[in-house]
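Here is the structure we will look at, set down as structure tokens.
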Amino acid sequence: QVQLVESGGGLVQAGGSLRLSCAASGSAFSINFMAWYRLAPGKQRELVAVITSGGSTDYADSVKGRFTIARDTAKNTVSLQMNSLKPEDTGVYYCNVEQLKSGVHTRYWGQGTQVTVSA
């Protein structure tokens with residue numbers, strides 16, 4: 001089974017930056033998509049950014065121009081560079097990957113990393 005470990009969260013002032021990383025481990029596999037979700041207090045889980053193995057990206061409207069997702073396909077890692085952070089960016093950020101192996105699509109989730117942005 002694939003394991004995902006997020007890191008890089010923390011406490012930052014509004015306007016600051018953080019870089020989240022997600023490292024995948026386990027048996028060899030092919031990744032279709034890698035994504036970051038977040039869960040803010042009192043809100044539903046939200047897709048923040050997604051990147052395909054080919055490098056195409058998409059972002060939530062609320063983070064466009066501020067966040068950048070990147071990946072290292074060979075190492076099955078994904079990062080999220082977060083700039084100009086706002087208090088509303090506060091939440092637990094989760095790494096999510098979709099594996100395509102032997103014709104089967106499987107989703108994996110990390111444990112999450114806390115991001116807190118102070119006003």
Side-chain angles (χ1 to χ4, degrees):
Q1 186 173 336
V2 175
Q3 302 289 326
L4 301 176
V5 180
E6 302 98 336
S7 62
L11 175 64
V12 65
Q13 292 182 242
S17 298
L18 286 172
R19 183 178 184 272
L20 307 182
S21 295
C22 175
S25 62
S27 60
F29 61 97
S30 297
I31 299 298
N32 188 18
F33 294 94
M34 304 185 77
W36 287 96
Y37 287 78
R38 68 186 178 191
L39 181 62
K43 298 183 179 180
Q44 298 184 65
R45 185 180 63 191
E46 174 188 25
L47 176 63
V48 177
V50 62
I51 187 168
T52 70
S53 59
S56 62
T57 61
D58 198 13
Y59 299 89
D61 289 341
S62 60
V63 307
K64 287 182 178 178
R66 300 188 298 118
F67 290 11
T68 302
I69 189 170
R71 89 285 181 257
D72 184 330
T73 303
K75 296 182 178 181
N76 292 325
T77 60
V78 62
S79 65
L80 185 68
Q81 179 66 47
M82 305 185 294
N83 298 325
S84 301
L85 283 162
K86 304 174 181 180
E88 51 263 45
D89 294 318
T90 293
V92 179
Y93 284 69
Y94 297 90
C95 180
N96 172 248
V97 305
E98 182 180 277
Q99 178 189 33
L100 177 57
K101 184 179 181 181
S102 300
V104 178
H105 293 80
T106 305
R107 287 264 184 160
Y108 297 93
W109 294 88
Q111 292 294 314
T113 185
Q114 176 70 44
V115 171
T116 303
V117 184
S118 62

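The shown structure was predicted, so the numbers you read here are calculated from the model rather than taken from an experiment. Both backbone and side-chain heavy atoms feed into the values below; hydrogens, waters and symmetry mates do not. We're numbering straight along the sequence, starting at 1.
- One distance of note links CZ of Arg71 with OG1 of Thr57; it measures 10.0 Å at 0.5 Å rounding.
- Contact check on Asp61 versus Lys64 returns a salt bridge, with a Lys/Arg side-chain nitrogen under 4.0 Å from an Asp/Glu carboxylate oxygen.
- Side-chain N or O atoms of Ser102 include none that pairs as donor or acceptor with a backbone N or O of Val104 at under 3.5 Å.
- Summarising the geometry, atom CD1 belonging to Ile69 is positioned 9.5 Å from atom SG belonging to Cys22; distances are rounded to the nearest 0.5 Å.
- Annotation: the span from Trp36 atom CH2 to Ile51 atom CD1 amounts to 12.5 Å, rounded to 0.5 Å.
- For the salt bridge (Lys or Arg N to Asp or Glu O under 4.0 Å) condition, the pairs that include at least one residue of residues 102-119, sequence neighbours left out, are Glu98-Arg107.
- Residue pairs that meet the salt bridge (Lys or Arg N to Asp or Glu O under 4.0 Å) test with at least one member in residues 10-23, sequence neighbours left out, do not exist here.
- Side-chain contact check for Gln114 versus Thr90: some heavy-atom pair is nearer than 4.5 Å.
- Within the 4.5 Å cutoff, the side chain of Arg38 has heavy atoms near those of the Val63 side chain.
- In this view, Lys43 satisfies the salt bridge (Lys or Arg N to Asp or Glu O under 4.0 Å) rule with no residue, not counting sequence neighbours.
- With sequence neighbours excluded, the residues satisfying side chain to side chain donor-acceptor pair (under 3.5 Å) with Ser17 are Asn83.
- Tyr59 places a side-chain heavy atom less than 4.5 Å from the side chain of Thr68.
- For the atom pair CG (Asn32) and NZ (Lys101), the distance works out to 15.0 Å, reported to the nearest 0.5 Å.
- Taking all atoms of both residues into account, the shortest heavy-atom contact from Cys95 to Val97 is SG-CG1, 4.3 Å.
- The line from OG1 of Thr77 to CG of Asp72 is 4.5 Å long, rounded to the nearest 0.5 Å.
- Between atom CG of residue Asn96 and atom CG of residue Leu47 there is a gap of 8.5 Å, rounded to the nearest 0.5 Å.
- Among residues two or more places apart in sequence or in another chain, the ring pair (Phe, Tyr, Trp, His ring centres under 6.0 Å) test is passed with Tyr94 by none.
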Check against side-chain contact (heavy atoms from CB on, under 4.5 Å), Ser62 and Glu46: CA-CA 11 Å; Ser62 60; Glu46 174 188 25; 3.6 Å; yes
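- Residues meeting the side-chain contact (heavy atoms from CB on, under 4.5 Å) test with Val115, sequence neighbours left out: Leu18, Leu20, Met82, Tyr93, Val117.
- Inspection of the Ser79 and Gln81 side chains reveals no N or O donor paired with an N or O acceptor under 3.5 Å.
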